[in-house]
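This report concerns only the one structure given below.
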Protein chains: 2
Amino acid sequence: MANSLDDVIDGALRVLDARGMEFFSMRRVAAELDVQPSALYHHVENKQTLLTLMAARIVGPVTIDEDLVAVSHRLRDAMLGIRDGAEVVATATAFRLGTSELEAELAKYSSPDIARTLLIYVIGHTQATQLHSQASTLGLIPHDPDLDESFVRGLAIILDR
Amino acid sequence: MANSLDDVIDGALRVLDARGMEFFSMRRVAAELDVQPSALYHHVENKQTLLTLMAARIVGPVTIDEDLVAVSHRLRDAMLGIRDGAEVVATATAFRLGTSELEAELAKYSSPDIARTLLIYVIGHTQATQLHSQASTLGLIPHDPDLDESFVRGLAIILDR
DNA sequence: ACCTGAACACCGTTCAAGT
DNA sequence: ACCTGAACACCGTTCAAGT
């Protein structure tokens, strides 16, 4: 019956996917796990730490290899796979620019500058895409059907021309 | 004695600069203006709207012309000029990718794809820089003295080579 | 037009105590 | 090791009422 750290991260990702970042709270994660809010602090130091662990879980399974276009698409798909996933990853990796494993891996197949530029672009464009499609679902903004192609063209600008 | 919308935005930017995003709240903005929290809702629909107005105020004064490298530096400096400025601008403009005046202006001097890629990069890199220097000031992370040059090299990757 | 006062339904986090 | 119960110091927002 007792929860592990992995259970907490799983529960947190379920809450995020169901309600979005706006309604993501420690108290809702606790409720999802049928536990008191204070119990979470046995597993995790604070909310920010939990968000960092969630970001690692979203992006961790992505394979990094020499095909940077394919890697970029895999990263994007991983983030798009969960509601507000890009926002979670954005804050977590912005915090660790230069320290991130992901950035170092990408640099192995290109250069430090290309790795960093690409990473910032992929996360930023995906975050915008995710916010955009939420806003247009709510009817706040007209839908832009060009966002997928726009992503590809930006990739081309950074990776070659 | 009565406040205008501009007074509210000014007060909000003072609170942001003094305490940072983490402690930015409607109640603190109200206190800064010597007014009850509820009074703010006469000027602004909600917190998100206020943040959007703050972003416009940060980025609005920046001159856009054909020298995209210079424009990028001006945008960066404007955001760096206020604590967590890049974060505020990032959320506000991610929300309006494709609808933003800034993006349209930049496109006039390059192309829609370059404009969008550049904007995402400039804001993302600046946000990372700002988070990084906060974290290193707090001793959480070693300082990276290369961030300014890193910005310039990423710019070169996007704008020519 | 701009503001007050009071209320509602929430937050993150701490801490002693239980098993 | 993992959790409860209670508390503390906060939030954003609404709404009737005042000037």
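Computed over heavy atoms, backbone and side chain alike; hydrogens, waters and symmetry mates excluded. Just so it is clear: chains get the letters A, B, ... in the order the sequence lines come, proteins before strands, and each one is counted from 1.
- Between B/H43 and C/dC3, a side-chain N or O to OP1/OP2 separation shorter than 4.0 Å is present.
- Here side-chain hydrogen bond (donor to acceptor under 3.5 Å, both in side chains) pairs that include residues 113-124 of chain B, with residues two or more places apart or in two chains, are A/S150-B/R116, A/R153-B/D113, B/E103-B/R116.
- For the pair B/R76 and B/F151, the cation-pi test (distance below 6.0 Å, angle within 45°) is passed.
- With distances taken from any side-chain atom of A/S38 to the nucleotides C/dC3, C/dT13, C/dC15, the minimum falls on C/dC15.
- For B/F24 and D/dG12, the CZ to C1' distance is 12 Å, given to the nearest whole Å.
- Residue B/R27 contributes atom CZ, which lies 13 Å from atom P of C/dA7 at whole-angstrom precision.
- Counting only heavy atoms from C-beta on, B/A2 has its side chain closest to C/dC3 among C/dT4, D/dG12, C/dC3.
- Position along DNA chain C of the nearest nucleotide to A/E45 versus B/N3 favours B/N3 as the more 5'-ward residue.
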Step by step, work out the side chain to side chain contact (heavy atoms under 4.5 Å, CB included) result for A/T137 and A/H143.
CA-CA 8 Å; A/T137 294; A/H143 176 63; over 6 Å; no
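- Between the OH atom of A/Y41 and the C1' atom of D/dG5 there is a distance of 16 Å, rounded to whole Å.
- Across every non-hydrogen atom of A/L131 and B/T91, the tightest pair is CD1-O, 4.4 Å.
- Spacing between atom CG of A/L33 and atom P of D/dC3 amounts to 8 Å, rounded to whole angstrom units.
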Counting Watson-Crick and G-U wobble pairs with both distances under 3.5 Å, what is the dot-bracket string for DNA chain D, 5' to 3', using [ ] for crossing pairs and | for pairs to another strand?
||.|||||...|||||.||
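- The same ILVMFWY cluster, assembled from side-chain heavy atoms under 4.5 Å apart, contains both A/L155 and B/V122.
- In this structure, the NZ atom of B/K47 is 14 Å from the P atom of D/dT14, given to the nearest Å.
- Cluster annotation: A/I157 and B/L106 are assigned to the same hydrophobic cluster (Ile/Leu/Val/Met/Phe/Trp/Tyr, side-chain heavy-atom contacts under 4.5 Å, transitive).
- Between A/Q36 atom CD and C/dT19 atom C1' there is a gap of 15 Å when expressed in whole angstrom units.
- We find that CG of B/L40 is positioned 9 Å from P of C/dC3, with the value rounded to whole Å.
- Placement of B/V69 and B/V59 within a single hydrophobic cluster is found when ILVMFWY residues are connected by side-chain heavy-atom separations under 4.5 Å, directly or transitively.
- Between the P atom of C/dC11 and the CZ atom of A/F23 lies a distance of 10 Å, rounded to the nearest Å.
- Residue side chain B/S25 does not reach the base of D/dG12 through any donor-acceptor N/O pair under 3.5 Å, judged by distance alone.
- Comparing D/dC3, C/dC3, D/dT14 by their closest approach to the side chain of A/A39 singles out D/dC3.
- The side chain of B/H42 has C/dC2 as its nearest neighbour among C/dC2, C/dG5, D/dC11.
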